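Written below as structure tokens is the structure these notes are about.
Note on naming: letters A, B, ... go to the chains in the order of the sequence lines (proteins, then strands), and numbering restarts at 1 for each one. The figures that follow rest on heavy atoms only: side chains count, while hydrogens, waters and symmetry mates do not. Everything quoted here is computed from the prediction, not taken from an experiment.
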Number of protein chains: 2
Amino acid sequence: MALPRIPRERSLTYGLVESLGQLIVTGAYDVQPFPTEGQLSRQHGTSRSVTREAVKMLTAKGLLQARPRQGTSVTPEAQWNLLDPDVLRWLLERKFSLQLLAEFTEMRLAIEPAAAALAAARADREAIGRIREGLKRMKAAGQGEDEPVAADIAFHTAVLAATGNRFFAQLDPLINTALRISIRFTNRIKGRAAGIARHEEVLDAIAAGDAERAALAMRSLVGEVLALITAASTQSGTARKVARRTAST
Amino acid sequence: MALPRIPRERSLTYGLVESLGQLIVTGAYDVQPFPTEGQLSRQHGTSRSVTREAVKMLTAKGLLQARPRQGTSVTPEAQWNLLDPDVLRWLLERKFSLQLLAEFTEMRLAIEPAAAALAAARADREAIGRIREGLKRMKAAGQGEDEPVAADIAFHTAVLAATGNRFFAQLDPLINTALRISIRFTNRIKGRAAGIARHEEVLDAIAAGDAERAALAMRSLVGEVLALITAASTQSGTARKVARRTAST
DNA sequence: CCGGCACATATTATATGATTATTAATCTCA
DNA sequence: TGAGATTAATAATCATATAATATGTGCCGG
């Protein structure tokens, strides 16, 4: 069997993109002006080529803008491409806020029920099989840390893929990232048993080709998550605790 | 009054990103292998710095990947970041397909009703004012080419902004691009009078704070567009005509 | 005191050439 | 035949130089 090709993605440039991306989203450059190319190079011990290429990548993601004489600067947050997986990841991992997680979950609440409905309408056998597989993994998973999370993610990924719609599928990495954070968070509050039952409901409806029921089931599933999040953002004690825990990861 | 600052965005690098992006999405490199850095530089008359930085930007958008000895290559289409405004624009403008437009509209059908509901629930006076303004512009607009389109886009933009949710707002440039194409297309088929009435319905519901009605109204609005598109993709005559017209723009 | 205009200047943009690191492909030898 | 060494192609990185471009800044005339 073919060896799982190891993607490098660990060049100086990519490393710098990661570092800078995280620094930017955490607001490190909100007070001090963004350094010039030369300063950046010196600070990170990279040549100007590497620096420039990293800056260009961040520009492509909407985080930076550069003009001669004026220098490079962080773009206003409204222009950041939140739908870029890297940007969302940096934000959720490095500048966690219940507000942001809630807003993203609001979008999930729009997307995932529709995805379930599309999957049910499409009724692709193979795709449904993969959803079922995800659910099985959830049931089989012990109380460890990693596997239950991976299984849950596999379930949602499979639903998105089953839509046969490239844009829904494209949301997968975003939802993955948010789920990882989200699960870490909701697990604190309630057990997983009820969750599995709800997931089962979604699968049943999709397998039965009942789009409407699938959408409703998925809506209640995601809606519950959103409810937990918004509830927590009022009782700020929990919120702060999670924020701290996440930031330190 | 402050002069409208002219964004440059017309450097060699950005120009090359545009050219290459369009070439890539149109499948120009599906048969021949992607050129090496040196070849690219010669072909486009740019230095290697510019070439490399453009390639890096396209890498950030998921269109390219590069490894030593193996060279640069176009990533499989599934990995393209369709949610990047540039990528979507290149695809819709240079490689128009009813299939893609339909898939995007399916996503709009998930997003926009939810956005309308959120806007209604939020009931931000000022934001609703901007929606109303968009509608007024639609009514006032003559039969010219540009203004009605701009007004329609302003309406949808205002609704997305009124959600107060950054992710919904982030979808704005994508929906703008798709709308421009979409309108160009649906106008061929039916007049605009009915459209205005539907838009009015959405505004009324939002202004009344009736989330459910707002969602329903928006759903029927977008649903109609989707119906037109899917209907057209069966009778391929129209489809081909639009495709040609779009490609030549 | 004010407004406009030329100009110096800091910074990014572009160009060029050389060197290094990586890795697919090839070759060698047991 | 297969494992290990070698080769070669290519991106990655570095270093340096020149060009383009805004943005103050100061001068001048009113």
Partner set under side chain to side chain contact (heavy atoms under 4.5 Å, CB included) for A:Pro35, not counting sequence neighbours: A:Tyr29, A:Gln39, A:Leu40, A:Gln43
Any residue meeting side chain to side chain contact (heavy atoms under 4.5 Å, CB included) with B:Thr157, in chain and number order, not counting sequence neighbours: B:Ile153, B:Asp172, B:Asn176
Test salt bridge (charged side-chain N to carboxylate O under 4.0 Å, His left out) applied to A:Lys56 - qualifying residues, sequence neighbours left out: B:Glu53
Qualifying residues under salt bridge (charged side-chain N to carboxylate O under 4.0 Å, His left out), relative to B:Arg48, sequence neighbours excluded: B:Glu37
Minimum side-chain heavy-atom gap A:Leu64-A:Val74 below 4.5 Å: yes
With sequence neighbours left out, what residues match [X] under side-chain hydrogen bond (donor to acceptor under 3.5 Å, both in side chains)?
{"X": "B:Thr51", "result": "B:Ser41, B:Thr46"}
{"X": "B:Asp152", "result": "B:His156, B:His199"}
{"X": "A:Arg180", "result": "none"}
{"X": "A:Glu106", "result": "B:Asn165"}

Of all pairs that satisfy ring-ring contact (aromatic ring centres under 6.0 Å, His included), the ones with a partner from residues 41-93 of chain B, not counting sequence neighbours: none
Using a cut-off of under 3.5 Å, enumerate the N/O to N/O pairs linking the protein to nucleotides 5-9 of chain C.
from	atom 1	to	atom 2	distance (Å)
C:dT9	O2	A:Arg69	NH1	3.4

DNA chain C contacts made by residues 39-58 of chain B, counting heavy atoms under 4.0 Å: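 Close to the strand are B:Thr46, B:Ser47, B:Arg48, B:Ser49, B:Val50.
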Contact residues, residues 73-81 of chain B to DNA chain C [heavy atom, < 4.0 Å]: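 Within residues 73-81 of chain B, no residue comes under 4.0 Å of DNA chain C.
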